[in-house]
Amino acid sequence: MKITVLGRGNVGGGLADLWERAGHEVTRIGREGGDGSDAEAVVVAVPGGAIADALDNVQGIEGKTVIDATNLIGADPPAGFSSNAEFVKSKTNGPTAKSFNNNFAALYDRIGEASSTPSNLWCGDEEAREVVEQLNRDAGYEPVYAGPLENAAAQENFLTLMFGINQGGMGSFFYRIAPPDQL
Ligand SMILES: NC(=O)c1ccc[n+]([C@@H]2O[C@H](COP(=O)([O-])OP(=O)(O)OC[C@H]3O[C@@H](n4cnc5c(N)ncnc54)[C@H](OP(=O)(O)O)[C@@H]3O)[C@@H](O)[C@H]2O)c1
């Protein structure tokens, strides 16, 4: 798959490495902006408060499938939106999902050490499912569907709990969410 990542830091760069190892073709765009018209999937991995600037600097992503991986740390979503992911959809008008915002980039190189495949939440449009689930699996995660895009704000706010768990001594843990029939 041709993937364009906006943001080539810990998350954008780290996921790009994982996906290239899985055979995908990844274009990495930083704050200088660029063109995403070739992309079959676009992943947004810039600081949460910079999302409007980042999207303004990229051409050719209208109608694309976009996965928003941002978190809002000390920032709010753009005015009029309850989440960054919904803002992304308003700009691109294509299938949109929220994913990769609740797993730590520092652990990307250790996914294979987990005793079972770590889960990774995604919520968003059904039209994005195939791409999001494939890119989760190709990065080493088991995708867990968390509802429609309206749930993106809850998924963004889940970060507070992740930090709480992390500070409670589970600094390098992977979490696994059991499917409903195993709960
Ligand atoms: N780190 C994690 O474990 C983690 C996990 C899940 C989600 N997240 C979220 O993922 C996002 C990226 O985190 P990160 O740790 O990868 O950050 P990072 O290492 O600081 O990388 C940020 C990237 O965003 C680009 N950028 C900064 N300002 C920009 C702007 N105004 N327009 C366009 N691009 C801009 C930077 O461009 P340059 O390369 O040109 O400097 C850089 O490539 C954040 O929203 C973060 O909250 C982080």
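Atoms within each ligand, like the ligands themselves, are counted from 1 in listed order. Note that these values count all heavy atoms, side chains included, but never hydrogens, waters or copies made by symmetry.
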What residue and heavy atom of the protein are closest to [atom], and at what distance?
{"atom": "atom 47 (O) of ligand 1", "value": "N71 CB, 3.3 Å"}
{"atom": "atom 11 (C) of ligand 1", "value": "V46 O, 3.3 Å"}
{"atom": "atom 31 (N) of ligand 1", "value": "A50 CB, 3.6 Å"}
{"atom": "atom 3 (O) of ligand 1", "value": "A105 N, 2.8 Å"}
{"atom": "atom 9 (C) of ligand 1", "value": "A69 O, 3.6 Å"}
{"atom": "atom 12 (C) of ligand 1", "value": "A45 O, 3.3 Å"}
{"atom": "atom 17 (O) of ligand 1", "value": "N10 ND2, 4.2 Å"}
{"atom": "atom 21 (O) of ligand 1", "value": "G9 CA, 3.3 Å"}

So, N101 and Q155: side-chain donor and acceptor under 3.5 Å apart, yes or no?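 Yes.
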
Pick from R28, M162, R8: the one approaching atom 43 (O) of ligand 1 most closely through a non-hydrogen atom: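 Residue with the shortest heavy-atom distance to the ligand atom: R8.
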
Could you check which of E156, R31, E32 puts a non-hydrogen atom nearest to atom 38 (P) of ligand 1?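 Ranked by closest heavy atom to atom 38 (P) of ligand 1, first place is R31.
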
Passing option when K89 is tested against D125, D68, N84 for side-chain hydrogen bond (donor to acceptor under 3.5 Å, both in side chains):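 Going through D125, D68, N84 one by one, the side-chain hydrogen bond (donor to acceptor under 3.5 Å, both in side chains) with K89 is satisfied by D125 alone.
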
Gap separating the [atom1] atom of [X] from the [atom2] atom of [Y], nearest 0.5 angstrom:
{"X": "E133", "Y": "E142", "atom1": "CD", "atom2": "CD", "answer": "8.0 Å"}
{"X": "E150", "Y": "C123", "atom1": "CD", "atom2": "SG", "answer": "8.5 Å"}
{"X": "R28", "Y": "D17", "atom1": "CZ", "atom2": "CG", "answer": "4.5 Å"}
{"X": "N136", "Y": "N120", "atom1": "CG", "atom2": "CG", "answer": "4.5 Å"}
{"X": "K98", "Y": "N151", "atom1": "NZ", "atom2": "CG", "answer": "12.5 Å"}
{"X": "N10", "Y": "F104", "atom1": "CG", "atom2": "CZ", "answer": "12.0 Å"}

Please state whether the rings of W19 and F100 are parallel, tilted or perpendicular, taking 30° and 60° as the class boundaries.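 Ring orientation, 0 to 90° scale: perpendicular.
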
Over 12 non-hydrogen atoms of neighbours within 6.0 angstrom of CD in E20: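 Count over threshold, so yes.
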
List ligand 1 atoms under 4.0 Å from [X], heavy atoms only on the residue side.
{"X": "G48", "value": "45 (O)"}
{"X": "N101", "value": "6 (C), 7 (C)"}
{"X": "A54", "value": "32 (N), 33 (C)"}
{"X": "F104", "value": "3 (O)"}
{"X": "F100", "value": "6 (C), 7 (C)"}
{"X": "G7", "value": "23 (C), 24 (O), 43 (O)"}
{"X": "T70", "value": "45 (O)"}

Would a 4.0 Å cut-off, counted as strictly less than, catch a protein heavy atom around atom 24 (O) of ligand 1?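 It does; a protein heavy atom is within 4.0 Å.
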
For G63, does its backbone N or O pair with a side-chain atom of T92 as donor and acceptor, under 3.5 Å?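 Side chain of T92 to backbone of G63: no pair is present.
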
Please answer whether the main-chain N or O of I73 pairs with a side-chain N or O of N71 as donor and acceptor at a distance below 3.5 Å.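 Such a contact is absent between N71 side chain and I73 backbone.
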
Counting only heavy atoms closer than 4.0 Å, does ligand 1 sit against the backbone of N103, its side chain, both, or neither?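 Only the backbone of N103 comes within reach of ligand 1.
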
Taking heavy atoms and a distance under 4.0 Å, where does P47 meet ligand 1: side chain, backbone, both or neither?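 For P47, backbone and side-chain atoms both sit under 4.0 Å from ligand 1.
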
Checking side-chain contact (heavy atoms from CB on, under 4.5 Å) against L6, which of V66, V43, L55 comes through?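 Passing option: L55.
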
N/O to N/O below 3.5 Å, does that happen between V11 and ligand 1?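 The answer is yes, given that V11 and ligand 1 share an N or O pair closer than 3.5 Å.
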
